[in-house]
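To start, the structure under review is shown below, and the notes come after it.
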Amino acid sequence: DMSVMLTATLVKQDAVDILVFDLLVVQELSPETMVSQAIQAVTFVNIANNNNKPAEITSDLNLPSEHSNGTRYKWQSSDPAIDPLGKVYRPSYDTENINVALTVIAFVGSVSEMKKFDVTILAKESTDQQAVDDAYADLTASLIKGVNSDIDNITMDLNLPSDMLQ
């Protein structure tokens, strides 16, 4: 890049005025340089949005479609839990977290580079009502009877779990 001063002298008969323009002539970048700059600019911090760690994704990501130098981005996810626009779909509280390989491809014409981010989408937390519903479903006569042969023939201590809602 180079700074240039452009001077324009305006003359008509005896009237004269001078205008000075300070310009920045920007060096045209090669596609390889543009793509390299663009891929280096994509970091977890830049796409995190409200997420603090790659292993603890709980909200949408900010996945840009273009770098300021004109390089385009294409995003791919190994799991539909993250769509190409960065929308995050958290799994239900009663399932496992989801490990996702999120890949960005920066490209100008036929020149491209890619970068991969390994992230984990955390399952939703259960509500109090969901915890009570799960405990209700798990608390059966068979569980309570413990070592007794039958719920109608209790001769030994019952199994009364106290930690089902923790």
Side-chain angles (χ1 to χ4, degrees), residues 1-135 137-138 164-166:
D1 298 353
M2 184 188 321
S3 294
V4 176
M5 184 182 300
L6 176 66
T7 305
T9 305
L10 307 169
V11 179
K12 183 168 183 183
Q13 303 279 340
D14 293 334
V16 177
D17 209 342
I18 297 175
L19 286 171
V20 178
F21 300 92
D22 291 319
L23 306 174
L24 178 64
V25 178
V26 178
Q27 176 183 354
E28 188 172 322
L29 301 175
S30 69
E32 291 80 9
T33 300
M34 292 172 68
V35 167
S36 179
Q37 285 178 349
I39 206 73
Q40 288 175 27
V42 180
T43 64
F44 178 75
V45 171
N46 293 344
I47 67 171
N49 210 8
N50 293 320
N51 298 289
N52 294 321
K53 298 177 184 175
E56 298 177 1
I57 303 299
T58 58
S59 63
D60 295 346
L61 298 168
N62 179 24
L63 305 182
S65 60
E66 187 172 337
H67 184 266
S68 60
N69 71 11
T71 301
R72 304 272 306 150
Y73 293 118
K74 180 178 179 183
W75 293 89
Q76 299 172 337
S77 174
S78 64
D79 192 283
I82 303 176
D83 76 14
L85 299 176
K87 175 77 177 152
V88 171
Y89 300 93
R90 292 177 67 187
S92 174
Y93 75 95
D94 58 350
T95 60
E96 297 292 318
N97 297 335
I98 302 174
N99 294 319
V100 179
L102 183 62
T103 304
V104 59
I105 303 168
F107 63 95
V108 172
S110 63
V111 178
S112 66
E113 282 186 47
M114 79 169 132
K115 183 184 275 189
K116 185 176 103 172
F117 298 91
D118 291 317
V119 298
T120 302
I121 311 301
L122 298 184
K124 294 177 184 175
E125 297 172 6
S126 68
T127 65
D128 290 345
Q129 185 60 54
Q130 288 166 328
V132 168
D133 291 348
D134 288 348
D138 292 341
M164 294 184 75
L165 293 174
Q166 294 183 15

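Worth knowing before you read on, the calculation uses all heavy atoms, side chains too, and leaves out hydrogens, waters and symmetry mates. Fair warning: this is a prediction, and the values are worked out from it, not measured in the lab.
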- In sequence, state the C-alpha distance, the side-chain angles, and the governing distance for Gln40 and Ser36, and then conclude on side chain to side chain donor-acceptor pair (under 3.5 Å). CA-CA 6 Å; Gln40 288 175 27; Ser36 179; 3.1 Å; yes
- Note on the structure: Nearest heavy-atom approach of Leu102 to Leu61 is CD2-CD1, 3.8 Å
- Within the side chain of Asp118, is there an N or O that forms a donor-acceptor pair under 3.5 Å with the backbone of Ala101? no
- CD1 of Ile98 to CD1 of Ile57: how many Å apart, nearest 0.5 Å? 12.5 Å
- Roughly how far, to the nearest 0.5 Å, is CG of Asn97 from CD of Glu56? 9.5 Å
- Note on the structure: Nearest heavy-atom contact between Glu113 and Val35 is N-CG1, 3.6 Å
- Could you tell me which non-hydrogen atom of Phe21 sits nearest to which non-hydrogen atom of Leu19, and how far apart they are? CE1-CB, 3.9 Å
- Message: Measuring only between side-chain heavy atoms, which start at C-beta, is Glu96 closer than 4.5 Å to Pro91?
- Response: no
- Is it true that a side-chain atom of Thr71 and a backbone atom of Met34 form a donor plus acceptor pair closer than 3.5 Å? yes
- Task: Could you tell me whether the side chain of Asn99 and the main chain of Thr120 form a donor-acceptor pair under 3.5 Å?
- Result: no
- Do side-chain atoms of Trp75 reach the backbone of Asp83 as a donor and acceptor pair under 3.5 angstrom? no
- Quick one: does Leu63's side chain get under 4.5 Å of Pro84's, heavy atoms only? no
- Task: Compute whether any side-chain donor of one residue and acceptor of the other, for Thr33 and Gln37, lie under 3.5 angstrom apart.
- Result: no
- Over all heavy atoms of both residues, which pair between Lys53 and Phe44 is shortest? Give the atoms and the distance, please. C-CZ, 3.5 Å
- Query: Is it true that a side-chain atom of Asn49 and a backbone atom of Ser59 form a donor plus acceptor pair closer than 3.5 Å?
  - Reply: no
- Query: Between Ile47 and Pro64, is any pair of side-chain heavy atoms under 4.5 Å apart?
  - Reply: yes
- Query: If you look only at pairs with a residue in residues 84-93, which of them pass as a side chain to side chain donor-acceptor pair (under 3.5 Å), with sequence neighbours excluded?
  - Reply: Ser92-Asp94, Tyr93-Asp134
- Query: CD1 of Ile39 to CZ of Phe107: how many Å apart, nearest 0.5 Å?
  - Reply: 11.0 Å
- Verify side chain to side chain contact (heavy atoms under 4.5 Å, CB included) between Val119 and Ile82, making sure each step is shown before the conclusion. CA-CA 10 Å; Val119 298; Ile82 303 176; 3.8 Å; yes
- Message: If I compare all heavy atoms of Val100 with all of Ala81, which pair ends up nearest, and what's the gap?
- Response: CG2-CB, 4.5 Å
- Would one find more than 12 heavy atoms of other residues, nucleotides or ligands at under 6.0 Å from atom CD of Glu66? yes
- Would you name the heavy atoms of Tyr73 and Ala41 that are closest together and state the gap between them? OH-CB, 4.3 Å
